Amino acid sequence: MSAAARTARGWLEERGLLGEDVVGARVDGVVYDLHTPLPAGARCVEPIRLSDPDALPIVRHSSAHVMADAVQRLFPGTRLAFGPATDEGFYYDYERPDGAFTEEDLARIEATMREIVAADRPFERIELDREQARALLAARGERFKLEHLERIAPPITLYRHGDWFDLCEGPHVPSTRFLRAFKLTSIAGAYWRGDERNPMLQRIYGTAFPSEAELRAHLERLEQARQRDHRRLGRELELVTFHPWAPASPFFLPRGAVLYERLIAYVREQYARRGYVEVVTPQIYDAELWRRSGHLPSYAANMYLALTAEDVDRIVERLAGRGPLAADEIRAVVADAVRAGIKPMNCPGHCLLFAARRRSYRELPLRVADFGRLHRFERSGVLHGLTRVRSFAQDDAHVFCTEEQVQDEIAAFLDFVHEVYEDFGFGPARVVLATRPDQRLGDDARWDRAEAALRAGIEARGLHYEVAEGEGAFYGPKVELHLKDALGRAWQLGTIQLDFNLPERFELEYVARGNERRRPVMLHRAVLGSIERFVGVLVEHTAGALPTWLAPEQIALLSVTEAQAEACHRMAERLRAAGVRAVADTSSEKLGAKIRAARVLRVPYLGIVGARELEQGTVSLRRRDEELGTVAFDVLLERMRAESVPPSQRGREPVSWSEPRGPSPPSRRM
RNA sequence: GCCACCUUAGCUCAGUGGUAGAGCAACGGUUUCGUAAACCGUAGGUCCCGGGUUCGAAUCCCGGAGGUGGCUCCA
């Protein structure tokens with residue numbers, strides 16, 4: 001312990017910079033609290049005030065300490081695990097021998113926290129050796145802290161306020177009075193060290209801000225997020241519904257199905273221009289396929305298996321009259337009798353298609369798309385609305401190509417993704433390259449080539465990217481695209497993954513230029529990811545106000561009185577004939593009520609037809625909150641048609657895939 | 001799967017051991033109205049399911065299902 005070491009507090013005090021609201025210091029760009037000795041040779045020391053963004057984690061971490069102090073006062077015998085600041089607030093994990101915390105406990109804990117804050121206890125940093133720390137923690141029975149102590153390197157520090165201390169490296173505010181605005185938000189279970197084999201602890205979440213106003217603003221943001229939650233909007237906008245007999249398996253209602261089908265139609269248009277072919281493949285395959293692909297047994301826990309009555313009979317026959325059997329013997333009989341699996345992925349089926357006949361290098365790259373429905377058994381706790389379901393379709397495609405072609409495919413894919421995300425109004429995506437994990441297939445030379453190809457593909461598009469070391473799949477590296485929605489939440493949607501495993505397992509081959517047999521590589525890729533998840537993300541991003549080209553109803557024609565009912569229906573009919581999704585509301589409600597009904601469903605265009613408009617052959621048009629005045633019906637029709645096309649395709653010739661333009665190149669055959 | 005909580009009319013929610021309620025939606029009627037909610041009436045319930053305690057259970061206890069927030073896992 002070096003008493004002579006100077007802290008930021010001393011440094012700032014000497015220069016008269018230690019204001020009332022200073023909670024820490026940036027020392028050559030690194031955040032320090034006022035208690036920690038400055039590193040030798042520190043040059044630039046600036047105060048961090050409460051209003052500084054860097055103050056937030058300090059305030060939150062200190063709030064976690066005060067909460068833990070309050071909890072241990074109210075519930076003696078409670079032991080501490082970890083209690084960090086997070087992006088949203090803070091939490092502390094506890095082991096409480098006498099049962100769970102309740103909602104009422106939170107209020108009591110908050111009250112005690114306020115007492116500790118009011119008492120204005122200074123925080124203090126204590127540096128000590130391992131033996132001393134061990135003794136102090138052992139005296140309090142802090143078994144998790146003791147375990148953690150053995151893992152950390154010196155300097156070992158405690159932080160104390162009042163009589164309460166914690167093994168902690170800081171940083172912390174100067175005193176408890178700096179904690180002005182906090183709220184405990186929820187109770188949850190969490191495993192010690194995040195490992196499900198470890199004991200379950202109780203986590204209390206809270207959030208804290210430098211001021212009451214900021215805390216209120218934060219709670220308001222949460223309320224806004226709740227208002228645009230896709231599960232709520234999905235029901236209100238009549239997009240989806242669920243039933244307990246098909247848990248986590250959405251039913252798309254007519255309005256939702258329009259959106260779903262528009263998304264797929266949009267991706268199909270893209271495919272037509274980008275050299276993809278689409279196939280339709282089986283839903284259920286013989287178990288042999290899943291053994292070959294490696295899904296059995298390694299993905300078996302996520303698979304639905306299919307049994308026929310004959311399979312059941314076979315099991316019964318083989319088990320009947322064989323006396324008491326061990327679990328393993330029964331398991332073997334059952335496993336042998338289960339002859340089919342419902343697909344959780346399209347890739348093995350596509351391998352069968354590739355191998356269905358001799359392939360030439362001239363066909364490569366072969367881009368095979370499939371909107372097939374997938375079923376994955378997901379553990380109940382992970383399910384969430386449309387974003388984590390058990391039944392879904394992806395805008396899935398597999399690209400069979402040579403190693404040399406990978407780079408160009410990556411680049412083309414990134415162009416594809418970029419245009420698509422722009423069409424939906426998302427900001428730029430974060431590009432992440434996930435590299436070789438510890439457990440992997442294939443030699444290092446191959447991984448070197450694969451990762452270099454992915455890198456080169458990204459760089460060919462001049463994109464900034466991050467590297468997630470060791471995050472790749474066991475069969476190959478991948479590029480992930482993360483984007484942020486309107487509320488700043490990040491989602492991983494698109495991905496492209498290189499796979500050398502499946503072509504090996506299925507012994508895929510093509511005939512190369514010199515007539516020799518070569519093995520292709522495979523790229524798994526999706527742009528929207530799962531359509532279900534994408535609908536969820538898009539609904540939250542747009543708060544349900546979908547762009548006109550995707551809206552289930554693009555325009556509602558509203559009559560003012562019964563005299564215009566006939567005309568409204570005729571106009572709607574003409575719009576529909578022109579491919580516009582139009583509805584007419586000619587009920588006997590007042591105009592205001594009809595407007596409200598259409599606004600609640602977020603119909604983008606409202607056309608009002610009263611006596612005046614009827615006479616002039618016009619409609620009074622508004623687009624959400626925007627008054628567009630009176631427009632002639634033909635003008636309206638043109639406008640609606642123009643807006644029915646995704647932004648990137650406005651002014652482009654419509655793509656037709658029923659009649660290919662010109663002879664299709666041989667490489668597009670399947 | 002694990003921890004906690006929740007489940008009452010289509011939706012949002014009251015109802016703490018003693019006769020199941022409200023608003024909106026639905027349905028019928030009246031109203032024909034100019035930019036976010038007309039008026040009157042009618043109907044609607046296995047209080048998630050099963051078991052238990054009790055003279056009596058939406059309410060208390062146990063088990064199950066589904067959902068929610070986390071943890072772990074992931075498109």
Side-chain angles (χ1 to χ4, degrees), chain A residues 86 88 91 93-96 99-103 105-106 185-205 226 229 231-232 235-236 238 241-248 299 301-302 344-346 374 376-396 473 480-481 491-495 497 524-534 536-537 558-565 586-601 606-613 620-622 624-625 627-628 630:
Chain A
T86 66
E88 292 283 294
Y91 65 80
D93 287 344
Y94 306 96
E95 182 191 51
R96 187 175 162 212
F101 294 108
T102 64
E103 298 287 331
D105 291 338
L106 292 192
T185 51
S186 62
I187 307 163
Y191 300 106
W192 165 237
R193 307 194 80 91
D195 189 325
E196 62 184 324
R197 290 165 302 192
N198 285 341
M200 174 72 65
L201 306 172
Q202 290 184 63
R203 175 170 298 180
I204 299 180
Y205 280 94
R226 215 171 64 83
D229 187 317
R231 291 166 302 182
R232 178 196 186 95
R235 190 169 52 233
E236 284 177 5
E238 296 169 26
T241 188
F242 289 87
H243 192 279
W245 289 354
Y299 199 72
N302 283 294
M345 297 180 192
N346 290 311
L374 307 177
R376 297 184 189 171
F377 179 76
E378 302 280 359
R379 300 158 100 199
S380 60
V382 309
L383 304 172
H384 182 90
L386 289 172
T387 57
R388 196 72 185 274
V389 294
R390 287 179 175 154
S391 168
F392 62 103
Q394 294 176 301
D395 59 335
D396 196 14
E480 295 172 354
L481 291 131
W491 298 92
Q492 193 220 298
L493 299 172
T495 176
Q497 315 188 359
H524 307 251
R525 39 106 301 163
V527 178
L528 305 183
S530 100
I531 313 296
E532 281 72 6
R533 172 177 289 183
F534 194 80
V537 172
L558 314 179
S559 57
V560 177
T561 73
E562 221 172 304
Q564 300 89 39
T586 57
S587 62
S588 72
E589 290 292 338
K590 290 170 69 173
L591 181 60
K594 297 190 207 184
I595 289 173
R596 184 182 141 77
R599 290 300 305 269
V600 165
L601 287 175
L606 300 186
I608 289 137
V609 183
R612 285 197 300 279
E613 290 83 0
S620 230
L621 197 61
R622 62 189 262 186
R624 304 201 194 279
D625 287 325
E627 281 292 349
L628 299 172
T630 307

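Lettering follows sequence order; numbering is per chain, from 1. Values below: every heavy atom of this structure, side chains too, minus hydrogens, waters and symmetry copies. It should be emphasised that the depicted structure is a prediction, and the values quoted were computed from it without experimental measurement.
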[X] side chain near [Y] side chain, heavy-atom distance below 4.5 Å:
X        : Y        : answer
A/Thr586 : A/Glu562 : no
A/Tyr299 : A/Met345 : yes
A/Asp395 : A/Phe534 : no

May I ask you to say what A/His384 touches in the nucleic acid, namely base, sugar-phosphate or nothing, with a heavy-atom cut-off under 4.0 Å? sugar-phosphate
When we call it a touch if two heavy atoms are under 4.0 Å apart, what does A/Ala248 touch: a base, just sugar-phosphate, or nothing? sugar-phosphate
Rounded [atom1] spacing from [N] to [M] in Å:
N     : M     : atom1 : value
B/G21 : B/C47 : C1'   : 12 Å
B/U53 : B/G66 : C1'   : 26 Å
B/U19 : B/U30 : P     : 40 Å
B/A75 : B/G23 : C1'   : 40 Å
B/G17 : B/C5  : C1'   : 23 Å
B/G69 : B/G63 : C1'   : 24 Å
B/A9  : B/C27 : C1'   : 14 Å
B/C48 : B/C6  : P     : 13 Å

At what distance, to the nearest 0.5 angstrom, does [atom1] of [X] lie from [atom2] of [Y]?
X        : Y        : atom1 : atom2 : value
A/Leu606 : A/Lys594 : CG    : NZ    : 12.0 Å
A/Thr495 : A/Leu481 : OG1   : CG    : 7.5 Å
A/Trp192 : A/Leu201 : CH2   : CG    : 7.5 Å
A/Arg388 : A/Glu532 : CZ    : CD    : 13.5 Å

Check whether the side chains of A/Gln564 and A/Thr561 place a donor and an acceptor atom closer than 3.5 Å, and report yes or no. yes
Residue closer to the 5' end of RNA chain B, A/Glu103 versus A/His243 (nearest nucleotide): A/Glu103
Hey, which of these two, A/Leu201 or A/Leu383, hits RNA chain B nearer its 5' end, going by closest nucleotide? A/Leu201
Contact state string [nucleotides 70-75 of chain B, B base, S sugar-phosphate only, - no protein heavy atom under 4.0 Å]: BBBBBB
Assess whether a salt bridge exists between [X] and [Y], defined as any Lys/Arg side-chain N lying under 4.0 Å from an Asp/Glu carboxylate O.
X        : Y        : result
A/Asp93  : A/Arg193 : no
A/Glu196 : A/Arg379 : yes
A/Asp195 : A/Arg197 : yes

Figure out the CZ/C1' separation between A/Arg231 and B/U12, and round it to whole Å. 16 Å
Taking atom C1' of B/U68 as reference, at what distance in whole Å does atom CZ of A/Arg226 sit? 12 Å
Dot-bracket summary - RNA chain B, pairs being Watson-Crick or G-U whose distances fall under 3.5 Å, with | when paired to another strand: (((((((..((((....[..)))).(((((.......))))).....(((((..]....))))))))))))....
Polar atoms only, N or O, under 3.5 Å: list the protein pairs with nucleotides 30-40 of chain B and their distances.
| unit_1 | atom_1 | unit_2 | atom_2 | d |
| --- | --- | --- | --- | --- |
| B/U31 | O4 | A/Ser588 | OG | 3.0 |
| B/U32 | O2 | A/Glu562 | N | 3.0 |
| B/U32 | N3 | A/Glu562 | OE1 | 3.1 |
| B/U32 | O4 | A/Glu562 | OE1 | 2.8 |
| B/C33 | N4 | A/Ser588 | O | 2.4 |
| B/G34 | O6 | A/Ala611 | N | 3.0 |
| B/G34 | O6 | A/Arg612 | N | 3.3 |
| B/G34 | N1 | A/Glu613 | OE1 | 2.8 |
| B/G34 | N1 | A/Glu613 | OE2 | 3.3 |
| B/G34 | N2 | A/Glu613 | OE1 | 3.4 |
| B/G34 | N2 | A/Glu613 | OE2 | 2.4 |
| B/U35 | O2' | A/Arg622 | NH1 | 3.4 |
| B/U35 | O2 | A/Arg622 | NH1 | 3.0 |
| B/U35 | O2 | A/Glu627 | OE2 | 3.4 |
| B/U35 | O4 | A/Ser620 | OG | 2.9 |
| B/A36 | N6 | A/Arg599 | NH2 | 3.2 |
| B/A37 | N9 | A/Arg596 | NE | 3.4 |
| B/A37 | N7 | A/Arg596 | NE | 3.4 |
| B/A37 | N7 | A/Arg596 | NH1 | 3.4 |
| B/A37 | N6 | A/Arg596 | NH2 | 2.8 |
| B/A37 | N1 | A/Arg596 | NH2 | 2.8 |

Cation-pi, A/Phe392 ring and A/Arg533 (6.0 angstrom, 45 degrees): no
